[in-house]
Amino acid sequence: MNSRFDRWVFKLYPRAWRQRYEDEVRDLSEELLAAGEVRNLRLVIGLVGMGLAVRVRSLRQWHPFVLVSGSVAIAVAVGVILVATNALGPGGSPSLAAPTFGTIPSAKGGHLDVKAIPDYVATLGRNGQVVGYVPRGDLFPASKSSAVGGVIPVYGKDLKTLVGHMYPGVGFVSLGMAPTAEPCVPVTTVDNGTSQSVACPSTTVSVPNVAGSSTPAAAAEISGMSLGVQVISVHSTVVPSGHIVSVSPSAGTVVSARSVITLENSLGSDNG
Amino acid sequence: MTINGIRGSSDRSVLVLTSLAGGPKHGYALIKDIENFAHVKMGPGSLYGCLSKLEEARLVEALPSEDRRHPYRITPSGLAAVRERLTESARIAEIGLRRVAGAAS
């Protein structure tokens, strides 16, 4: 090895290591150089790299305190910087107000936690007043059966009495009213001399047979057909409570859209 | 003196232990042997960096010798360590090669 490099390369290594290995390594290096196995510069670079690695290793061995305190100091410095730049600490993401019964937590600026929503969620009318309550399962439908055609039933305070429905794109429509939709106007377009018209969808619908079904489901189904629903309760010894006794106009009748259908809901027999 | 693809000191240790598992050697023989079976050229710096670590861990030991260069020999715990390490690598290699063959088809 070039005696110039020779002297300082080995100074990188800890004394104990040098005592044990320096002679061997030097001899081996000479041998490899002489045999043309390795080039001087690469040899030196390798020895320097290893020297530093061995140094670090010995540091770890004999001065664990240095390493530990150094790491702690760095961690503290990083923490100070983070707090100073407001990445951590108070004033981070705003916490959502805990939802009270019947309120939909605001998702503004926060992460909406579905699990935090109570079982029934208040439905707000156009003026922001509470008009009824919707089962949580309907707002985030796990089973599609409860929201027919996207129309979600809304219940009163007792969580049983149907008071209306939520129509997609329309909002809350109370029972007995048909959802108001823009009256459809047939569209005629003229394109290169040929006229095309798009007709309105059919404005008549046939009343479904919902006798015997559960009242909320029947009301939802009929509402989903753009028909208004009105529910009156009667006693019945035949039909169980909460189910439909009869439909008026009767099932199969063709009615125009937005007509009101009257459903008779059973209260059970008159004995109780 | 380039170490092709083998970067970590633990990989180099495995090479050294594997070489010594074939019989005691001194530095030059170790380098040539590793070059032969692994196609990796270790320099004296990295070789002795490895050997010193292995010696500290008692996985290899230096044999007495008249001249300055000591032959090194693997210890029983060194044999156990390299056997375990190579078995694990072989297991993973088998899984990996099987998957690679499956993915290519």
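The chains referred to below are lettered A, B, ... by the order of the sequence lines, with proteins before strands, and numbering in each begins at 1. Since we're looking at a predicted model, the values are computed, not measured. In what follows, every heavy atom counts, from backbone to side chain, and hydrogens, waters and symmetry copies are set aside.
- Within a 6.0 Å sphere centred on CD of B/Glu84, heavy atoms belonging to other residues, nucleotides or ligands number 12 at most.
- Closest of all the heavy-atom pairs between B/Gly45 and A/Tyr13 is CA-OH, 4.3 Å.
- Separating the OG atom in B/Ser52 from the CH2 atom in A/Trp17 is a distance of 6.5 Å, to the nearest 0.5 Å.
- The shortest non-hydrogen separation linking A/Leu28 to B/Gly27 is CD1-C, 3.9 Å.
- A distance of 11.0 Å separates CZ in A/Arg20 from CD in B/Glu56, rounded to the nearest 0.5 Å.
- For B/Leu51, the part lying near chain A is the backbone, with the side chain staying farther off; criterion is any non-hydrogen pair under 4.5 Å.
- Here the straight-line distance linking atom CG of A/Leu32 with atom CE of B/Met42 works out to 12.0 Å at 0.5 Å rounding.
- Closest of all the heavy-atom pairs between B/Pro44 and A/Leu47 is C-CD2, 4.4 Å.
- A distance of 6.0 Å separates NE2 of B/His26 from CD of A/Glu31, quoted to the nearest 0.5 Å.
- Of the options A/Glu22, A/Glu24, A/Met50, a side-chain contact (heavy atoms from CB on, under 4.5 Å) to B/Tyr48 is made by A/Glu24 and by none of the others.
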